Amino acid sequence: MTNTHDQMVTVETSGAIALVAINNPPVNAASLAVRDGLVKAMDQLSADDAIKVVAIYGAGKTFIAGADIREFGKPPQAPWLPDVCNRIEAMEKPVISVLHGNALGGGLEVALSTHARIALPDLTIGFPEVTLGILPGAGGTQRAPRLAGIPASLELITTGNRVGAEEALKIGLIDEILSGEPRDLALQSAQRVLDGDLETRRTGDLATVADTAAIETTASTLKRKQPNLFSPHKCVEAVAASTLPLEDGLKEERRLFSECMESPQRAGLIHAFFAERAVTKIPEAGETPRPVKLVGVIGGGTMGSGIATACLLAGLDVILAERDEAGLERGRTIITGNLDGAVKRGKLSDAGRTEILETKLKTTTDYASFAAADLVIEAVFEDMGVKKDVFSQLDAICRPGAILATNTSYLDINEIAAATSRPQDVIGLHFFSPAHVMKLLEVVVADKTAPDAVATGFALGKQLKKIAVRAGVCDGFIGNRILNTYKKAADYLMMDGASPEEVDQAMVNYGFAMGPFAVGDLSGQDIGWAARKRQAPNRSPNERYIAIPDRLCEAELFGRKTGQGYYVYGEGAPTLNPAAVAIIEAERAKAGVTPRSFSEEEITARIMTAIIKEAISILEDGIALRPIDIDAVYLFGYGFPRFRGGPMHTADAIGASELVRRIETYAQEDAFFWKVPKLLRETAERGGKFAELNG
Ligand code: 3HC
Ligand code: NAI
């Protein structure tokens, strides 16, 4: 017999056994219809005297991947997931679950409320709630410690880390691992319950073993390491409540869950979750990508070696080209070091490393080897002449249909494409340093780039496990164009009286790992210097130009690489460099600037407003498809605090009218830099939100 509850929950009976299947593709999220269906199934089976045991499993690829995140922020609709879990646990007849694919968050909570759990070997479990700014709110913080103890539960719940079936068995969250089809195993396991061969018990009937030391240690570590975040601390409080009677602990969990739900961090983190997925929705999504197996990389410096490593780790064959043997040797050494790092981190086996170096990586000084390549990525010096020369050679050598990509940071890709007879095959693939680690890949689409070349860029991004974001051509594309404005805003603050330390500290307190001056010291002040020299001829005479960074470079204070920049680097924490301070003071005096003080709030407001203003201009110019694409670039490539959701999400949090007010105020000092973008003014006038443009 089969009953359906809104199609998403199906009940099938066979003698004394009832099988409850959940079918809500693609991930079986516990949406309203699933929750409703589960409660109805329990009610029906509870009343059916012929049924002696119930087994719940997931139809399709997975068990339940969690609550339906799309419902968050909307008015909650009954039955709530905690009530569903309590209903399952309270069943008077045994209820077991068979888990495959993912049992995450609310999915794991459903499983923990059943009376025994059988896992397939492919199972992944975890409590990702903390990464979404919340905590397990359907009994997870109360039931997991009853089965796995407080330390293991704290580890899962406060980190969001996911573990496999073996680990889940070890810590006690599942009871057995068996191979087979979920439905077959559900039937067999239910029969074992009937036969007395599979033990069942209610998790809520167990008591949590108290562990005050583990609670205190985790609480103090999190206070130190994640002072800006809200929900991890609430997770600890909730787990601490698991030593109370279940009903009281559940009440405490609910109270803390509601606090997290109301926090703006929840909205920011969930926005980040969807940003990662939204960026794949591009106009070229329906195109068939060109096959890519053999990749050519030109330039074995910082970027070329990292890009080659990323491709090799993804199983691609790579030919690396350099100007001479010494360059090749340097590149090979960097790649070998990167692969060694991957072995150390457990991402690659020793044998895999040897295979890559012996068979997958080839090196050459002759571009003729690229004749067989499906894709060539250029990462030579940032110089238009050199890049054009490389592309015209590639045009002559590469086979028709091969993709010719540049990793340029700023240069005009239309001009580079014009150096070839096949601009439809030319594209920007802008990686971030270190390229084998950083998640972001800007796929820069030039005027004549073919749609299937764009699709190929995205397919490559996916294969390299990167987050690819579509960008258009302009000076710096999405990321570096905003970065330029960010740096200018920081320089203006420094010139007008804030110290580099004050600006950096304000950004760290806001949630960035480092402030702009410390980042400049890390990557080398000479890099920006070269870019400024290149841009000098096009600079408007009306632009307020701060020469402090140039003076620093003239004094060879390049940052970490020379031991001194804005800070002095040596033993211990870096300290503000007196030589840099002298330069700052001299420049202020030369320009007749009387330094004033800026509060942390003012520093943050000015920098964020500058970032957002540039982001809006990028939207206006059609360089980014949607606001959420800009958010993704900043979240995954520039260390923007994830809990703030990105610059455009922040723009909505601040409000368009407030942003206009700020820019108009700052414009009284510098009307050239501080202009209100038209789109911002329109959005403010109609009281709108940028999120509306995400579609
Ligand atoms: N709710 C709603 N939609 C979800 C979802 C969820 N929990 N999980 C995934 N989706 C959507 C994605 O947005 C995507 O939609 P799209 O096709 O429209 O872009 C689609 O499902 C497929 O997702 P992925 O592209 O991520 O598919 P993968 O196969 O790569 O990964 C996954 C599958 C591992 C399940 C991954 O989606 C994932 O990690 N999901 C999030 C799981 C999660 O965070 N669960 C906890 C939710 S909070 C909770 O349960 C609260 C409770 O305690 C009360
Ligand atoms: P790099 O100076 O470390 O490496 C460049 C390499 O190219 C050198 O090893 C050089 O020998 C080689 N090279 C130069 N001309 C060549 C030619 N004609 N044929 C073969 N090899 C040649 O520079 P880096 O940092 O790797 O930058 C490379 C490109 O990547 C630049 O366009 C840069 O703007 C861009 N980029 C740099 C990022 C960074 O953080 N360093 C980030 C993203 C992009």
Side-chain angles (χ1 to χ4, degrees), residues 24-31 61-72 76 80-82 84-85 101-110 124 126-141 157 160 162 253-254 257 260-261 266 269-270 273-274 276-281 297-307 320-324 326-328 330-331 334 364-365 367 377-387 389-390 393 406-411 428-435 438 440 442 462 476-477 479-480 522-524 527 530-531 637:
N24 181 19
V27 299
N28 283 344
S31 317
K61 285 193 299 194
T62 183
F63 188 64
I64 303 173
D68 187 338
I69 304 171
R70 285 174 210 278
E71 291 178 4
F72 292 176
W80 294 1
L81 198 56
V84 177
C85 291
N102 292 289
L104 299 171
L108 182 53
E109 291 174 300
V110 168
T124 298
F127 286 115
E129 285 89 343
V130 71
T131 67
L132 302 170
I134 55 174
L135 52 84
T141 65
I157 293 171
R162 300 169 187 207
E253 180 191 81
R254 180 104 308 249
F257 181 80
C260 292
M261 271 304 213
R266 187 267 304 157
L269 286 164
I270 287 181
F273 174 86
F274 285 119
E276 189 171 338
R277 287 151 181 89
V279 291
T280 59
K281 300 186 170 70
V297 177
I298 312 187
T302 310
M303 292 309 292
S305 298
I307 293 167
L320 177 75
E322 258 289 346
R323 291 179 296 176
D324 48 33
L328 284 179
R330 226 174 26 243
I334 302 177
T364 182
T365 52
Y367 292 0
I377 307 171
E378 164 279 309
V380 303
F381 301 132
E382 184 78 342
D383 178 289
M384 184 55 92
V386 180
K387 302 239 188 233
D389 178 48
V390 167
Q393 289 189 58
T406 171
N407 181 49
T408 178
S409 304
Y410 290 97
L411 299 177
L429 291 178
H430 184 214
F431 291 78
F432 292 76
S433 182
M438 292 292 287
L440 181 66
E442 274 183 311
K462 192 169 179 194
F477 320 121
N480 282 342
L522 182 67
S523 48
I527 291 181

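Read the numbers this way: they start at 1 and go in the same order the structure lists the ligands and their atoms. Quantities reported herein were computed from a predicted structural model and do not represent experimental measurements.
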> What do you reckon, does Arg162 put a non-hydrogen atom under 4.0 Å from ligand 1?
yes
> May I ask whether Gly140 has any heavy atom positioned less than 4.0 angstrom from an atom of ligand 1?
no
> Among Ile298, Leu328, Ile334, Asp383, which one has a heavy atom closest to atom 20 (C) of ligand 2?
Ile298
> Protein heavy atoms near atom 23 (O) of ligand 2, is at least one of them under 4.0 angstrom away?
no
> With a 4.0 Å heavy-atom cut-off (strictly under), which part of Ile69 contacts ligand 1: side chain, backbone, both or neither?
both
> Would a search of protein heavy atoms around atom 18 (O) of ligand 1 find one under 4.0 Å away?
yes
> Between Gln393, Glu322, Met438, Glu442, which one has a non-hydrogen atom sitting closest to atom 12 (C) of ligand 2?
Glu322
> So for Glu276, does at least one of its heavy atoms come nearer than 4.0 angstrom to any atom of ligand 1?
no
> Flag atom 27 (O) of ligand 1 as yes if some protein heavy-atom distance to it falls below 4.0 Å, otherwise no.
no
> Tell me, please: is Ala379 in heavy-atom contact with ligand 2, that is, under 4.0 Å?
yes
> Looking at ligand 2, does Phe381 have a heavy atom less than 4.0 Å from it?
yes
> Has His430 got any heavy atom lying under 4.0 angstrom from an atom of ligand 2?
yes
> So is Tyr410 touching ligand 2 or not, going by heavy atoms under 4.0 Å?
no
> Among the heavy atoms of Phe273, does any lie under 4.0 Å from an atom of ligand 1?
yes
> Have a look at Gly304, Ser409, Ala321 and point out the one with the heavy atom closest to atom 36 (N) of ligand 2.
Ser409
> Answer yes or no for atom 15 (O) of ligand 1: protein heavy atom present at a distance under 4.0 Å?
yes
